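The chains referred to below are lettered A, B, ... by the order of the sequence lines, with proteins before strands, and numbering in each begins at 1. Computed from a prediction, not measured in an experiment: that's the story for all the values here.
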Amino acid sequence: MSKYLQSLNEVQRQAVINSQGPVMVIAGPGSGKTRVLTYRIAYLLEQGIPPHEILALTFTNKSAREMKERIAKVVGNVANRVWAGTFHSLFARVLRIEAEKIGFPSDFTIYDTTDSKSLLTTIIKGMNLDGKVYNVGGVRARISSAKSNIIPPKLYAENEELRTEDRHSKRPYLYKIYAEYVRRCKKAGAMDFDDLLYQLFILFYKNPDNVLEKYRSRFKYLLVDEFQDTNYLQYAIIKKLVNFEGSPRNICVVGDDAQSIYGFRGATIENILNFETDYKKFGLQTFKLEQNYRSTYHIVQAANEIITFNKNQIKKDIWSDKGKGHKIKIIKTMTDTDEGKRIVDQIREQKNRYHLQNSDIAILYRTNAQSRIFEEALNRQRIKYKVYGGMSFYERKEVKDLIAYLRMSVNPNDEEALKRVINFPKRGIGNTTQQKIIELAINTDRPLWECITEVNVGPRAKNALTEFKQMIQVFIQKQKELDAAQVTDLILRQSGMLKLLKGDLSIEGMSRMENIEALLNGIKDFVDTDVVLEEENVEEIENKSLAQYLQNIALLTDFDQDDGDDNNYITLMSTHSAKGLEFPSIFLVGLEENLFPSYMALQSDDVEEERRLFYVAITRAEQFLTLSFANSRYKFGDIRYNNPSRFLEEISELHLEKSYTSKSEKVNTVSRSGVSGNFKKAVPKTYTTNIDPSSFAPSPPASIQAGHKVLHLRFGEGKVLRVDGANDNRLATIFFQEAGEKRIALRFAKLQILK
DNA sequence: CCTAGGATGTTTTTT
DNA sequence: ACATCCTAGG
């Protein structure tokens, strides 16, 4: 047996070596999911499967890269020829090859969210609709969800249910916006993020030139990571590739229903259930990875406890043999600023006491806006950190502006790029002129680009437009002759952007210039780095053109930037971004009602996904887990008061450091006044009991029945109203005199029966 | 056509 | 608090 197989436990090994037919791996946090995936691929390669026949789909570039690196360690360079990447990037790659079959240029532009929103704003205005009722964010989400459920504009228009929903939300014309949006994207030769999936499905569905057969015979082995976060559309594509008459159905999906946190963008746990029914008849094998190799006992147990508060889940029994470890610490502060200070103090202490590096530590929060407070506190103490997410490098205005010029030079029909640069830097083409062009384009059903010199405007504007067009035409020409770095340099000068940026000596201006230089360096890097040609992918001619560069950057995020050599910094990121990562010490902050769980989730009564997110967050920790919340916090400029998060109460005290309760009782009894805004005053929510812990004797969980009078260390005396579930999953509904009704998992409860 | 200053909305999470 | 949108006046 190969050496790497010996390093696996029995279940893991089975999940690796059962390489034929459908396989589902349910993998708890830290259970070696990535190891199974990578070893499975390595195993396939060792069995002689050609690398290009393996398609491994992940959600982030980072996990794809990590996977490739780890496969390479086992089997060497052949790993680079496995098709491993994100859904979006790999599908974009296929679409570049096949785009013309479905009416797109192969150099199609990828619209990011900003582009999509900007186009929608134009459309909504053009239809004279109220932008407040038809807010772009909401409209875009609606369209995105339609695409994710494979509902094209025509079906949308015919679907009474959807139309009624729209009428209810006072947006009866949404279907028209959708149709126009799709039309405009196609006219601009552009695909948005959803299109990268949707158009691929359409390609497979319409199947011109039997293109589907080509990919079916090419990708003989499919692996899907984070399967719980796939949406209907993604699963539909997977099925197109795998589920057909005579197919060996070599598909392996890996996921964890308890870590499904992308419901808001259409991910559905039903895919896991559907997968079972779809492949049962083809000999589906299921493996459950339940041993956690990441975290110590208290962390694993706390996670187990809180997840039982969710109703729907596949039963799992996650355990760890890493020892008891440290208990979970909870920090409570008065204000959000204090939270920042206290967390950073705590970080310093941990670093000293346990000799942790900056890179061992991460601060996680629910919303990106929370990062600022910690940045300030870390700055004051001169501790290095890096913020992930939020405004990414490629979303900065100056970067987008320059890229818009680049995009136009490759695809002049790119409407959003044109709108960005037509009057930037200012060249006398104002709003009125632009409106006239847009109008002409709509009336004659032609791209904006073709209309800019035909539009009927005054001589000044006419002149400016002619000059603009000539300038872009030069760029288009040069782009074909020069490499990406050379042409970008030329564009930067000739467009006037460089002059404008250099002339701005303000702090912000300097930083904009720095960003442009960083972009330029990135492009130089792209040109100078040799890429090994993959012989199987002859369709792709590796070159250093601008067009090639643009294809590669569209789907990059901040995560994908090289940090250089100094990587000893504290990581700050959202709980969503943290999925799949692990750190010796995690600080999970802002644990307040309306923040985590979020206000939106509470409004729509969807706390379960928030709880899964909480579960994901705490299971990132290997040894130290610190949770924090603040009494008051600034939001939209004024102070708001929130209660501590309900999730804090769902962790049993067994796993918490003692300091929390004593401290919080003291602070919590302070009454406050003068609460501003329409937020209700925060009601202190700790429950003082005068039970002496030393005389407290919890009864065995199995003995607790409905009707019992019971004692709980924190909640005091209560009556068991009912008990449901069986064995390990028994949940008691208990009414406490002080704390009200609670649902408690008996497996973990410490309850003393009184009578 | 451009600018400045005021009004307004925005925060959930991401490829 | 901050960014974007809107409006009036030059």
Side-chain angles (χ1 to χ4, degrees), chain A residues 57-64 85-92 110-114 116-118 121 125 131-132 135-138 140-141 144 147-148 191-198 226 229-231 233-234 260-267 336 364-373 388-392 394-395 397 423-435 457-458 460-461 464 508 554-560 573-580 590 594-604 606 609-610 612-614 616-617 633-640:
Chain A
L57 297 162
T58 65
F59 272 80
T60 64
N61 293 307
K62 189 173 182 296
S63 42
T86 65
F87 279 91
H88 290 85
S89 71
L90 290 185
F91 291 177
I110 297 174
Y111 276 177
D112 64 15
T113 310
T114 315
S116 298
K117 281 186 174 169
S118 158
T121 309
K125 271 191 197 147
K132 277 164 203 151
N135 72 335
V136 260
R140 199 200 65 89
S144 168
K147 284 184 185 169
S148 302
M191 296 198 197
D192 66 16
F193 285 146
D194 298 310
D195 281 329
L196 297 177
L197 315 177
Y198 178 77
E226 311 280 14
D229 287 330
T230 52
N231 62 30
L233 172 57
Q234 285 162 322
S260 163
I261 55 174
Y262 283 102
F264 69 92
R265 69 171 194 203
D336 47 1
L364 308 183
Y365 34 73
R366 179 65 180 81
T367 67
N368 286 310
Q370 287 163 258
S371 74
R372 227 196 62 229
I373 285 164
Y388 291 88
M391 170 76 73
S392 97
Y394 296 103
E395 282 165 354
K397 183 189 178 306
N423 200 30
F424 179 84
K426 298 260 149 61
R427 52 174 70 89
I429 305 171
N431 220 289
T432 329
T433 307
Q434 290 181 42
Q435 278 319 112
V457 289
R460 275 176 91 115
E508 302 83 32
L555 296 167
L556 292 187
T557 62
D558 273 0
F559 265 115
D560 307 316
M573 62 168 70
S574 72
T575 42
H576 279 88
S577 307
K579 189 175 69 164
N594 294 314
L595 185 59
F596 200 171
S598 80
Y599 176 70
M600 289 303 214
L602 291 178
Q603 290 300 297
S604 55
D606 186 19
E609 177 148 316
E610 295 286 308
R612 291 193 293 269
L613 187 55
F614 184 67
V616 168
R633 182 177 295 280
Y634 276 93
K635 196 184 182 188
F636 300 147
D638 46 20
I639 286 184
R640 304 291 170 94

Is the shortest side-chain N/O distance from A/N368 to OP1 or OP2 of B/dT14 below 4.0 Å? yes
Quick one: label A/S574 by what it contacts on the DNA or RNA (base, sugar-phosphate, nothing), any heavy atom closer than 4.0 Å. sugar-phosphate
Can you tell me how far P in B/dT13 sits from the matching atom in C/dT4, rounded to whole Å? 16 Å
Would you kindly give the CZ-to-C1' distance between A/R140 and B/dT14, to the nearest whole Å? 9 Å
Spacing between A/F91 atom CZ and B/dT15 atom P, to the nearest angstrom: 16 Å
May I ask you to say whether A/D192 pairs ionically with A/K147, meaning some side-chain N is under 4.0 Å from a carboxylate O? yes
How long is the line joining OH of A/Y365 and C1' of B/dT14, in whole Å? 14 Å
If I take atom OH in residue A/Y394 and atom C1' in nucleotide B/dT15, what distance separates them, rounded to the nearest angstrom? 15 Å
For a quick check of understanding: with a heavy-atom distance under 4.0 Å over all strands, which category does A/Y634 fall into, base, sugar-phosphate or nothing? nothing
A/H88: ring pair (Phe, Tyr, Trp, His ring centres under 6.0 Å) partners, not counting sequence neighbours: none
Per-pair stack call A/F264 and B/dT13, 5.5 Å, 30°: yes
Distance check needed: B/dT14 P versus A/E395 CD, whole Å only. 10 Å
What's touching nucleotides 1-5 of chain B from the protein side, N or O pairs under 3.5 Å?
| unit_1 | atom_1 | unit_2 | atom_2 | d |
| --- | --- | --- | --- | --- |
| B/dC1 | OP1 | A/T433 | OG1 | 2.4 |
| B/dC1 | OP2 | A/T432 | N | 3.4 |
| B/dC1 | OP2 | A/T432 | OG1 | 2.6 |
| B/dC2 | OP1 | A/G428 | N | 3.1 |
| B/dC2 | OP2 | A/N423 | ND2 | 3.3 |
| B/dT3 | OP2 | A/K426 | NZ | 3.1 |

A/D195 CG to B/dT15 P: how many Å, rounded? 18 Å
For B/dT15, does either OP1 or OP2 sit under 4.0 Å from a side-chain N or O belonging to A/S89? no
Taking side chain to side chain contact (heavy atoms under 4.5 Å, CB included) as the definition, give me every residue that meets it alongside A/N423, ordered by chain and number, with sequence neighbours left out. A/K426, A/R427, A/I429, A/Q434
Nearest to the side chain of A/N135, heavy atoms from C-beta on, is which of B/dT10, B/dT14, B/dT15? B/dT10
Tell me if the aromatic rings of A/H576 and A/Y388 count as close, with their centers under 6.0 Å from one another. no
As a test of reading the structure: which of B/dT10, B/dT15, B/dT8 is closest to the side chain of A/K132, going by heavy atoms? B/dT8
In whole angstrom, give the distance that lies between atom NZ of A/K635 and atom P of C/dA1. 15 Å
Euclidean distance, atom CD of residue A/Q603 to atom P of B/dT13 [Å, nearest integer]: 17 Å
For A/S371 and A/Y365, which heavy atoms make the closest approach, and how far apart are they? CB-OH, 3.3 Å
Would a distance-only check, ignoring hydrogens and angles, find a side-chain to backbone donor-acceptor pair under 3.5 Å from A/T230 to A/E226? no
Respond yes when some side-chain nitrogen or oxygen of A/S577 is under 4.0 Å from OP1 or OP2 of B/dT14, and no when none is. yes
NA contact type, A/Y262, heavy-atom cut-off 4.0 Å: base, sugar-phosphate, or nothing? sugar-phosphate
Has A/R633 got a side-chain atom pairing as donor or acceptor with A/D336's backbone, closer than 3.5 angstrom? no
